[in-house]
Asker: 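Quick one: the structure is below, and I'll ask about it shortly.
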Amino acid sequence: MPTPLTKSRFRKAIKSVSKPQSGWLDESDKVVGKADGTILTGIAGMIYVRDLQNGQVLTVYNSIAPTDRPGLIVRVGRLVGESIYRVKGMRDSYSAPAASGQISPHSHNDLFINRDRFLPFLVLPIDGSGHVVQIYADVIPKPGGSFGLIQNQTLDLLSHVPATGARFALIEADNNGTIYVIDGSVVDAKELLTLANIPSVTSGRRPSCAVRLFDSQTQLYRDLNSINDFIDLRMFTPDLGLTTFTEPYYDAVNKVFAIGDITKSPLYPSPLGQETIHFVGRNENSPALILAAFGASVAPFITGFKADGTEESPTNIKANQPIFRIARARGYDGSAYSDTESEIVFYADGDWSATSHPVRIEFWTTPVGSTTQTLVLTVHSNGTVSYPVKTSDPSSPIDGAMWLLRETTGAHADGEIMGALGMTYHGDTGAVQPLKLSVNDNGTTRRIEFA
């Protein structure tokens, strides 16, 4: 027989049902606070959090996370048997794994790796400390192969805040690790600040970030999803006077971004003011640009965009203007690096319009004993191929070479049979037809028949 349900057993059953059940559902990472930094909801024990991806704001129960740290990453979910969401644990996006009482780093499968984790010379605000920032240690390579050290330290930027308006303050370090703050020009409001207001990096120093400072500002924020007073500049490292570079580096003076085993700066010649990327391989190491694609209808490609006029006011491409250059070759001649000595150029074969985009392709090389490029082959917009006409036979023709020769003395008559070459083709009717060579002679078509 079933056991009778006594009052004592009934109380125990009700208590077990009302007690929160074990296990979590619908877990996800959230950011503490709204986009404007507001954390508390006005209801005791409840705070605002928002979604990392779409910014949607939720009101959740909280007994773990601090209520003065907007931007803190927390784990949110709901217990089995509950409908309300609550903070399960917290994790600072820049800190070590969660401490005791917080969630285990192995409690879920999502691992977020921020850019800040692997780029050095990191500067972060200190929550609740106004304009004080934390500077994290870093090692700086110095000329000659030695190193300088940036110490862990704090820095108060309050004295750099303008009385009215807004500015950027640049935080940089020299080769010895000494920290400097360079004030930018003041504008009327923070909304008017642009990248042009960031101070120039001092020669021989390494930048970390530009910090936005403005009147009435009470706290610095670095929240990658909303408020952000920091512009990260650590990817762009100017010339520090080094003899060897072992990392990607940007030469702000020569406008060169270089990747590879680099031993000199500036690197290799390019037209003045031209932005360039250099892939450098030394001592029999060939640099390579590899483009990979997968799928039946895709293939790697390189694209060049061209317009006449300016970037702000582009106009149509005009006849004979270059549109795209590829495969330009330059070399060292024993005393200096040469200019371009061979290239493939795509030219406009007429003025461009909405209904006409003519393009021809020209191949240029430089002959022996010369330093001047020569046009050797043209593929015209109508599909015809032409060779430049020569006025004399080459002194040492290459085996199998073909050329178009215009006789200047003792000329053969136009249309004269030049010899029994036996070059024929079958015409549309199937009959054997003689092959004729057509030459554009200064606007006049000359046809020479080969017997």
Side-chain angles (χ1 to χ4, degrees), residues 15-137 152 154 209 218-230 232:
K15 187 176 181 181
S16 65
V17 170
S18 61
K19 185 173 63 175
Q21 304 298 302
S22 62
W24 290 83
L25 300 174
D26 302 330
E27 291 185 55
S28 62
D29 287 325
K30 306 292 184 186
V31 180
V32 171
K34 295 182 177 180
D36 62 2
T38 303
I39 295 178
L40 300 177
T41 69
I43 304 175
M46 307 296 284
I47 63 170
Y48 292 119
V49 297
R50 66 186 186 282
D51 190 88
L52 284 166
Q53 304 299 323
N54 58 30
Q56 180 182 5
V57 176
L58 300 175
T59 300
V60 302
Y61 176 73
N62 170 59
S63 61
I64 298 174
T67 57
D68 60 350
R69 297 187 63 184
L72 185 69
I73 306 297
V74 295
R75 190 72 175 169
V76 171
R78 61 185 180 89
L79 288 169
V80 173
E82 289 187 348
S83 60
I84 188 171
Y85 285 83
R86 63 174 69 218
V87 176
K88 178 183 178 183
M90 61 183 181
R91 180 190 299 278
D92 190 305
S93 61
Y94 304 107
S95 69
S100 176
Q102 300 174 352
I103 61 173
S104 164
H106 305 294
S107 63
H108 57 87
N109 294 326
D110 298 327
L111 176 61
F112 294 93
I113 300 178
N114 295 320
R115 177 172 181 251
D116 311 283
R117 292 183 182 273
F118 53 85
L119 281 177
F121 194 5
L122 174 63
V123 176
L124 292 177
I126 300 177
D127 295 323
S129 299
H131 295 83
V132 179
V133 297
Q134 174 69 52
I135 298 176
Y136 289 84
N152 276 314
T154 60
C209 61
T218 60
Q219 174 71 44
L220 295 175
Y221 295 100
R222 182 168 181 156
D223 182 345
L224 302 183
N225 295 280
S226 59
I227 303 173
N228 190 5
D229 294 318
F230 293 75
D232 201 331

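Sequential numbering from 1 along the given sequence is applied to the chain's residues.
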Asker: Could you go step by step and tell me if I126 and L124 meet the side chain to side chain contact (heavy atoms under 4.5 Å, CB included) rule?
Answerer: CA-CA 7 Å; I126 300 177; L124 292 177; over 6 Å; no
Asker: Can you check side chain to side chain contact (heavy atoms under 4.5 Å, CB included) on Y136 and V123, steps first, answer last?
Answerer: CA-CA 6 Å; Y136 289 84; V123 176; over 6 Å; no
Asker: Have a look at D26 and tell me which of K88, R78, R86 forms a salt bridge (Lys or Arg N to Asp or Glu O under 4.0 Å) with it.
Answerer: R78
Asker: When rounded to the nearest 0.5 angstrom, what distance separates CD1 in I47 from CD1 in I64?
Answerer: 10.0 Å
Asker: Applying side-chain contact (heavy atoms from CB on, under 4.5 Å) between T41 and each of I43, T38, I39, report the one that passes.
Answerer: I43
Asker: With rounding to the nearest 0.5 Å, note down the distance linking OG1 in T218 to NE2 in H131.
Answerer: 7.0 Å
Asker: Give the intermediate values and the outcome of side chain to side chain contact (heavy atoms under 4.5 Å, CB included) for residues Q134 and T154.
Answerer: CA-CA 5 Å; Q134 174 69 52; T154 60; 3.5 Å; yes
Asker: Are D229 and R222 within salt-bridge range, i.e. N to O under 4.0 Å?
Answerer: no
Asker: Walk me through it: do Y85 and T59 pass the test side chain to side chain contact (heavy atoms under 4.5 Å, CB included)?
Answerer: CA-CA 8 Å; Y85 285 83; T59 300; over 6 Å; no
Asker: What I'd like to find out is whether the side chain of Y61 reaches to under 4.5 Å of the side chain of V87, using heavy atoms alone.
Answerer: no
Asker: Can you name the closest pair of heavy atoms from V133 and F230 and give their distance?
Answerer: CG1-CZ, 3.9 Å
Asker: Kindly compute the distance separating OG1 (T67) from CE (M46), expressed to the nearest 0.5 Å.
Answerer: 14.0 Å
Asker: Is there a side-chain contact between E27 and V76 in this structure, where contact means two heavy atoms from C-beta onward sitting under 4.5 Å apart?
Answerer: no
Asker: Could you tell me the separation between the CG atom of N62 and the CG atom of L40, rounded to the nearest 0.5 Å?
Answerer: 9.0 Å
Asker: Within the 4.5 Å heavy-atom criterion, are V49 and V57 side-chain neighbours or not?
Answerer: no
